[in-house]
Amino acid sequence: MTRLDEVEISKIITSTYHETLLDRLASDVVIVGGGPSGLVAAFLLARAGTKVTILEKRLSPGGGIWGGGMGMNVAVVQEEAVPLLTELAIRCRSARDGLYAVDTIELSAGLCLKAVQAGAALLNLVTVEDLCVRQGRVHGVVANRSMIYGALPVDPIVFSGRAVLDATGHEAVLVQALRKRRLPLKIKDVTECGEGPLDAQQGEQFVVDQADEVFPGLWITGMSVSAALGGPRMGPIFGGMILSGQRIAQQISAALAN
Ligand code: 48F
């Protein structure tokens, strides 16, 4: 067995982590939220050679996938999402009428694994609380350790990106940060209502069709789209999240290429 020195173990953790942190203070794309939509966007962008950093406030990324429906760890996806999941080696079992069952452990773990292996850096336990805006354009996010955020009077630090993606799910944290300042979004103002009542068919289409740039430098994907625009919620069906992440990756790639 290799001889162990506890301080050496701590040095490896500290130096490796800080090397990544230093490198990732400036990225091409900062993705806030490691749920299905953010992870899919991260995978596709990173695979295309884009420098992607995901900031996730919880210990475990995966967002709303893990619990499936009512804690039963099965996710349902539509057949349109199956080709991408198959490419990611995530198994989808045909159920009925164009619907497939996916083990949520395999889905969460698979999306995380593929995004990181494609080159995205995922920093967990980091809570994003605000945006940096200069000359009418988002150019970064303001973040703190999740354990510090809201608990201790300690200043945050900044992660910059040429593009920032709000993939924070039901909270649409970054869109709300702009709304609070009354900064002019390219979308209608729905500050009062947020998400609409559950309608799986409409909700799934909505998060794909409406995923877009909402302010110069800021894009939205997944449930953030519904939360930001007042679209319907959709319950435990995940194809829309996968396809929304795919759509926004294409948009961001095109924007960065210009
Ligand atoms: O909620 P989440 O899974 O968002 P999504 O990718 O997918 C939605 C579905 O899971 C589900 C659904 C399907 O029908 O309705 O809800 O749109 O993932 C959002 C991630 O963002 C993290 C949060 O912990 C979660 O992992 N997050 C939220 N706020 C912050 C954040 C924040 N301020 N800073 C960093 N991460």
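Numbering of residues begins at 1 and proceeds along the displayed sequence. Given the structure is predicted, the values throughout are model-derived calculations rather than measurements. All ligand and atom numbering here is 1-based and tracks the order in the structure.
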Worksheet item: Which residue and non-hydrogen atom of the protein lie closest to atom 21 (O) of ligand 1, and at what distance in Å?
Response: G33 CA, 3.1 Å

Worksheet entry | Shortest protein heavy-atom distance from atom 3 (O) of ligand 1, along with the residue and atom involved |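 Protein heavy atom with the smallest distance to atom 3 (O) of ligand 1: G64 N, 2.7 Å.
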
Worksheet item: Can we say R181 and D130 salt-bridge, meaning some charged N sits less than 4.0 Å from an Asp/Glu carboxylate O?
Response: yes

Discussion item. I'd like to know if D5 and K11 make a salt bridge, using a cut-off of under 4.0 Å between side-chain N and carboxylate O.
Written reply: no

Worksheet entry | Sub-4.0 Å heavy-atom approach of G235 to ligand 1 |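 Per 4.0 Å heavy-atom rule, G235 contacts ligand 1.
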
Discussion item. Check contact between L39 and ligand 1, using heavy atoms of the residue and a distance below 4.0 angstrom.
Written reply: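 Contact check L39 vs ligand 1: negative.
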
Hey, does [X] come in under 3.5 Å of ligand 1, counting only N/O atoms on both sides?
| X | result |
| --- | --- |
| T127 | no |
| M223 | yes |
| V128 | yes |

Discussion item. I need the single residue from V141, V164, V142 that forms a side-chain contact (heavy atoms from CB on, under 4.5 Å) with F159. Which is it?
Written reply: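 For F159, the side-chain contact (heavy atoms from CB on, under 4.5 Å) check succeeds only for V141.
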
Discussion item. Given V32, which partner from the list V128, V173, L131, L218 fulfils the side-chain contact (heavy atoms from CB on, under 4.5 Å) test?
Written reply: V128

Worksheet item: So, Q251 side chain and A211 main chain: donor-acceptor pair closer than 3.5 Å or not?
Response: yes

Worksheet item: Has the side chain of E56 got a donor or acceptor atom that lies under 3.5 Å from a matching backbone atom of G34?
Response: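 Yes, the answer is positive, given that a donor and an acceptor are paired below the 3.5 Å cut-off.
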
